[in-house]
Structure formats: structure tokens, C-alpha cells
2 protein chains.
Amino acid sequence: MTALHERIRRDIESRILGGELAPGDRLPIEHDLMAEYGCSRMTVNKAISALAAAGLVNRKRKAGTFVAAPKAHAMVLDIPDLAHEVQERGQVYRYRLLHREICNAGKVDSSLEIEGDVLWTVGVHIADGKPFAHESRAVSLTAVPEIDDAVFDPDSPGTWLLKHVPWTEAETAISATAVSDREAHALGVADNTACLSLVRRTWRSGEHITAVRQLFIGDSYTLVARFGASA
Amino acid sequence: MTALHERIRRDIESRILGGELAPGDRLPIEHDLMAEYGCSRMTVNKAISALAAAGLVNRKRKAGTFVAAPKAHAMVLDIPDLAHEVQERGQVYRYRLLHREICNAGKVDSSLEIEGDVLWTVGVHIADGKPFAHESRAVSLTAVPEIDDAVFDPDSPGTWLLKHVPWTEAETAISATAVSDREAHALGVADNTACLSLVRRTWRSGEHITAVRQLFIGDSYTLVARFGASA
DNA sequence: GCCGGATTATTGTATAGACAATATACGCAT
DNA sequence: ATGCGTATATTGTCTATACAATAATCCGGC
């Protein structure tokens with residue numbers, strides 16, 4: 001017993017995805033769909049507005065509704081909380097703090113691109129006693145002054161922030177790099193091992209909160225992005 | 001002159017993001033919001049339904065509307081068309097085919113996880129004469145028989161597929177790896193250079209169309225995922 | 001106390017109609 | 001043809017109302 005507006009939406013959606021309606025094609029106007037499905041205009045409007053919100057069609061007053069160009073490029077990347085993910089695999093998670101210092105942003109890793117006074121932490125994420133990720137993080141003291149009182153023993157700074165500080169924008173840059181000797185030592189791997197590098201920076205309504213660089217050992221860690229089947 | 005339902009939506013959204021309404025909190029019922037904003041129930045409903053569609057709140061009949069748990073960190077990953085991106089930087093793009101063969105999936109790179117008879121291609125993506133990515137791709141011949149007639153001279157197999165075959169689901173796995181000697185040679189880099197590896201598989205309503213593994217040299221290539229500021 | 005049915009609060013869906021906003025198309029004057 | 005104002009088609013928003021679906025709650029019977 002799916003709702004009518006839902007059936008209309010799916011109907012048109014499948015016509016688009018199946019190629020019956022190609023990008024640029026014009027959809028029937030609301031009045032005609034209204035007749036086709038024998039319902040009121042509000043119902044048709046709800047269905048097509050949903051498609052528009054999903055970016056599948058573009059609507060323009062007086063002109064009509066058109067199938068959008070294949071968007072294709074925007075996939076959903078699931079960025080997990082490390083502690084949570086490790087525990088879900090039945091392993092024991094631990095964070096070990098290697099360094100903690102209050103300093104000016106200029107002193108920390110330049111790839112973090114943060115400014116002002118920060119709390120700088122360096123540590124490793126450990127699963128079942130084995131380090132699997134190296135983390136260097138800077139937290140803005142102007143944005144989050146109370147972090148100075150935080151203790152990072154059971155929780156990593158990331159988990160602490162997740163619990164205490166909401167954010168509104170985030171950006172993650174993903175690249176590959178060879179570990180430096182210091183990082184290799186902390187992770188217990190050979191120098192120059194290939195690592196996946198994530199640099200994530202988060203803001204709260206424009207104010208920079210934190211920047212973090214995480215290094216994951218070689219191919220033992222994989223990020224997955226999906227489009228479509230949201231399983 | 002923003003629409004009223006939009007103003008209501010943003011109003012409540014900011015109350016949630018600003019922490020005024022914490023996860024688990026109950027929103028006023030539609031009837032009360034209707035009085036608060038002096039509008040009809042349909043308008044309130046449209047605003048809150050949008051929030052529900054975005055996953056910010058959960059709604060339950062009889063129970064009410066509740067602020068959802070902090071979002072599973074789903075960010076939008078922008079996966080670009082290589083040819084397009086290179087040209088946008090003002091460089092000359094070229095694809096060079098190194099190998100082309102029709103064979104059984106078992107013969108190609110096992111990381112692609114595809115089955116049946118496939119067209120297997122290996123090549124490099126070149127910007128301004130310099131190779132920057134290595135690509136190994138398998139295209140299912142049962143799903144796309146016409147690919148056998150395609151010529152990959154101006155376009156890479158990926159661009160050809162993008163133009164000719166629509167898809168409905170895709171999955172991209174991202175990891176870091178050290179290049180093998182053969183790949184290193186094709187890219188003109190030293191053995192064991194750290195590379196970003198993308199393995200993307202796409203389906204059309206359940207049928208596997210293609211799988212591709214792209215290797216990008218070291219830190220000269222970065223993927224970016226964003227949440228919030230959709231700039 | 002516990003179970004099962006009735007009550008009821010809340011969201012979900014749909015209708016018919018009205019007016020607003022906007023971009024296209026048309027027609028007219030130059 | 002060119003430019004300009006007007007008509008018009010199409011979507012955007014909103015209202016007031018109605019009934020359906022769902023699930024928490026209450027209440028009676030045992």
C-alpha cells in the first residue's frame with residue numbers, strides 16, 4: 001500500500017533511470033500527469049518535487065520539468081568513527097596519546113591549515129594491541145576552550161569532540177603517501193610504507209574547530225563510497 | 001522572499017544544529033507549530049517532512065517528531081571524470097591504451113571481482129604528456145555487448161561507458177598501495193611508490209556492468225569529500 | 001497483576017481551489 | 001529584423017478540510 005505520490009515518483013524515476021526519458025527531455029506538465037494518474041495537482045507536485053530535490057530533474061516556471069544531466073559524480077562516503085568500527089569487528093580498541101601540547105598553529109603539521117592557538121595532539125589508534133592508524137590533530141582553543149580540561153585516556157580526541165562539539169561543515173581530503181620514519185615507528189611498520197592519508201577539517205558555522213590528519217597502514221584499510229543501493 | 005515552509009525548515013534546522021534541540025528531543029507537534037507560525041498544517045508538514053527526508057529528524061505516528069541521532073558521517077564524495085578534470089585545469093588530456101583483450105573474468109585482476117566474459121583493457125591517463133593514472137578495467141560483455149566495437153582513441157573506456165551506458169548503482173573502494181613494477185613502468189615512477197587506489201564497480205539494476213581499478217601517483221592526486229558547505 | 005480491546009494523539013496522504021512568481025512566446029511599433 | 005510590453009503557460013506556495021494509519025495509553029475483565 002505505497003502512497004500514490006510515492007508510486008508516481010518511482011514510476012517517473014524508473015523511466016529516467018531506464019533510459020526511456022533521456023537527459024534534457026521534458027516531462028509531462030503537472031496538469032497532464034494529474035489526469036494520467038487521476039489525482040490532484042498537489043499529489044503530482046509532491047512526487048516531482050521529490051525528484052527535483054534529489055537532483056534528477058530540474059523545474060522551471062513556465063518552461064516545464066526536464067530530466068537533469070547525469071549527476072553521476074556525487075557518491076556518499078561513509079566516514080566511520082574508528083573506535084566504533086573496531087569494536088564492531090569484535091576487537092578491543094585503544095587510543096594511545098604520544099604527544100600533547102598547547103601551541104600556535106604555525107608549529108603543527110602545515111597540512112592541517114588551521115590558525116591561532118591550538119591544542120595539538122599526536123597519537124595512534126590501536127586494535128587488539130596492534131596500531132593501525134596514526135593521528136595528528138589540532139583543535140582550535142578559541143573555538144573549543146574547554147578541550148584543555150579533557151582527558152584522552154579511554155577516548156581519542158576525535159571521540160571527545162564528537163561527543164561535545166557539534167559541527168556544521170566538514171571536508172575530507174584523501175590521498176596516498178609514504179610514511180615518514182617517525183610515523184612508521186609509531187605504527188610499527190617499515191619506512192616509506194604506502195599509507196592512506198585522510199585530512200579532515202570541520203567548522204561550526206564558519207568557525208574552524210579542528211583539523212586532523214590520519215594515516216592508515218597500506219591496504220589494510222579501505223574506505224567505501226556508494227551510490228544507489230544504500231545498503 | 002523565501003517561502004514560509006522553507007523558513008520554518010531552516011528555523012528548526014538551525015535550532016537542531018545549534019544544539020538548542022538535542023538528539024532525542026521531541027519537536028512541537030504540527031498543531032502547535034501551525035499556531036506558532038500562523039499557517040496551515042500542510043505548510044508545517046512540508047517543512048518537517050523535508051527535515052525527515054534529510055535524516056535530521058524521525059517521525060512516528062502518535063508518538064511525535066524527534067531529533068535524530070548525530071548523522072552517520074555520510075559525506076559527499078565528488079568523483080570526477082578524469083578527462084574533464086584535466087581539461088578544466090587547462091592541460092591536454094590523453095588516454096593511451098596498453099592492452100585490450102576479450103577473456104574470462106578469471107584472468108583479470110582479481111580485485112575487480114567481476115564474472116563471465118569481459119573486455120579487459122589496461123591503459124594510462126595522461127595530462128600534458130605526463131602519465132598520472134594507471135587504469136585496469138573489465139567490462140561485462142553480457143551486459144554491454146556493443147563495447148566490442150568501441151574504439152578507445154580519443155576517449156578512455158570510462159568516458160565511452162559514461163556516454164553510452166547508464167547505471168543505477170556504484171561502489172568505490174579507496175585504499176593506498178605500493179605500485180607493482182609493471183604499473184610503475186607505465187606511470188614512469190619508481191617501484192613501490194605510494195599510490196591511491198580506487199576500485200569502482202557499477203551496476204545497472206543489479207547487473208554488473210564494469211569494474212575498474214585506477215592508481216594515482218602518490219600525493220599528486222587528492223580526492224575531496226564534503227559535508228555542509230556544498231561549494 | 002496481566003492481557004486484550006477501545007480510545008486517542010499524532011503523523012500520513014489526499015483533495016480542490018486560489019493566488020503568486022517567472023520565464024517563454026507573441027504581437028506590435030519602430 | 002529589433003526591441004519592448006503584454007499575454008500566457010507552468011511551476012511555487014498556501015489554505016482549509018477530510019479521512020487513514022499507526023502506536024501509545026487507558027480501562028475493564030479476569
Side-chain angles (χ1 to χ4, degrees), chain A residues 1-17 20-71 230, chain B residues 1-17 20-71 230:
Chain A
M1 255 315 172
T2 55
L4 180 54
H5 68 86
E6 183 68 14
R7 270 196 16 236
I8 299 177
R9 208 213 69 211
R10 280 217 284 264
D11 191 359
I12 297 178
E13 186 181 76
S14 72
R15 275 194 245 171
I16 293 174
L17 292 177
E20 187 179 336
L21 286 166
D25 282 4
R26 183 179 168 169
L27 265 64
I29 65 172
E30 292 189 351
H31 182 83
D32 291 351
L33 290 172
M34 190 175 147
E36 180 178 343
Y37 290 97
C39 64
S40 78
R41 208 191 121 211
M42 279 297 297
T43 305
V44 168
N45 184 282
K46 191 166 186 173
I48 305 201
S49 295
L51 290 177
L56 260 166
V57 300
N58 299 316
R59 315 197 74 188
K60 266 180 24 189
R61 282 170 164 139
K62 161 76 185 180
T65 304
F66 302 86
V67 178
K71 35 182 280 171
S230 52
Chain B
M1 255 317 168
T2 55
L4 180 54
H5 67 85
E6 184 67 15
R7 271 194 18 234
I8 299 177
R9 209 214 67 210
R10 279 220 284 266
D11 191 0
I12 297 178
E13 186 181 74
S14 73
R15 276 194 244 171
I16 293 174
L17 292 177
E20 189 180 334
L21 286 167
D25 281 5
R26 182 176 169 173
L27 265 61
I29 65 171
E30 292 189 351
H31 183 270
D32 290 351
L33 289 171
M34 188 174 147
E36 180 178 342
Y37 290 97
C39 63
S40 80
R41 207 191 120 211
M42 279 297 296
T43 305
V44 167
N45 185 282
K46 190 165 187 174
I48 306 201
S49 295
L51 290 176
L56 260 166
V57 301
N58 299 316
R59 316 197 75 189
K60 263 173 42 182
R61 280 168 165 143
K62 163 73 186 179
T65 303
F66 302 87
V67 178
K71 334 199 46 161
S230 51

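Small disclaimer: the values here were computed from a predicted structure and weren't measured. Labels below follow one simple rule: chain letters A, B, ... track the order of the sequence lines, proteins then strands, and each chain is numbered from 1. Computation of the quantities below employed the complete heavy-atom set of this structure, encompassing side-chain atoms and omitting hydrogens, waters and symmetry-equivalent molecules.
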So how far is it from B/Lys46 NZ to B/Ile8 CD1, rounded to the nearest 0.5 Å? 11.5 Å
For the atom pair OG (A/Ser49) and CD (A/Glu30), what is the distance rounded to the nearest 0.5 Å? 7.0 Å
What nucleic acid atoms does [X] come within less than 4.0 Å of, heavy atoms only: base, sugar-phosphate, or nothing?
X: A/Arg26; value: sugar-phosphate
X: B/Ile48; value: nothing
X: A/His31; value: nothing

Nearest-nucleotide comparison on DNA chain C, the residue closer to the 5′ end among A/Thr2 and B/Glu30: B/Glu30
Mapping A/Lys46 and B/Gly64 onto DNA chain C by nearest heavy atom, which one lands closer to the 5' end?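 Nearest nucleotide further toward 5': that of B/Gly64.
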I want to check something: taking the side chain as every heavy atom from C-beta on, are [X] and [Y] in contact at a cut-off of under 4.5 Å?
X: A/Ser14; Y: A/Glu20; result: no
X: B/Arg15; Y: B/Leu27; result: no
X: B/Val57; Y: B/Ile12; result: no
X: B/Glu13; Y: B/Ile16; result: no

Spacing of [X] atom [atom1] relative to [N] atom [atom2], expressed in whole Å:
X: A/Tyr37; N: C/dA14; atom1: OH; atom2: P; value: 13 Å
X: A/Arg41; N: C/dA14; atom1: CZ; atom2: P; value: 16 Å
X: B/Leu27; N: C/dT10; atom1: CG; atom2: C1'; value: 13 Å
X: A/Asn45; N: C/dA14; atom1: CG; atom2: P; value: 13 Å
X: A/His5; N: C/dT13; atom1: NE2; atom2: C1'; value: 6 Å
X: B/Ile8; N: D/dT15; atom1: CD1; atom2: C1'; value: 13 Å
X: A/Met42; N: C/dC19; atom1: CE; atom2: C1'; value: 14 Å
X: A/Arg9; N: C/dG12; atom1: CZ; atom2: P; value: 16 Å

When every non-hydrogen atom of A/Ala22 is compared with those of A/Val67, the smallest separation belongs to O-CB, 3.4 Å
Smallest heavy-atom separation, B/Ala47 atom then B/His5 atom, equals CB-O, 3.2 Å
Between A/Arg9 and A/Glu6, is there a side-chain N and carboxylate O pair less than 4.0 Å apart? yes
Taking a pair as Watson-Crick (N1 to N3 plus N6-O4 or O6-N4) or G-U wobble (N1-O2 and O6-N3), both under 3.5 Å, which stems of 3 or more consecutive pairs involve DNA chain C? C:1-30 with D:1-30
If we check side-chain hydrogen bond (donor to acceptor under 3.5 Å, both in side chains) with A/Tyr37, which of these qualifies: A/Asp32, A/Asp11, A/Thr43?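 Of the listed residues A/Asp32, A/Asp11, A/Thr43, the side-chain hydrogen bond (donor to acceptor under 3.5 Å, both in side chains) partner of A/Tyr37 is A/Asp11.
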Between B/Thr65 and C/dT11, is there a side-chain N or O to OP1/OP2 distance below 4.0 Å?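 So the side-chain polar atoms of B/Thr65 do come within 4.0 Å of the phosphate oxygens OP1 or OP2 of C/dT11, strictly under.
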Short side-chain N/O contact from A/Arg59 to OP1 or OP2 of D/dG12, under 4.0 Å: yes
Under 4.0 Å protein heavy-atom contact, by nucleotide of nucleotides 20-28 of chain D - B base, S sugar-phosphate only: -BBBB----
Checking D/dT13, D/dT15, C/dA14 against the side chain of A/Thr43 (C-beta onward), the nearest is C/dA14
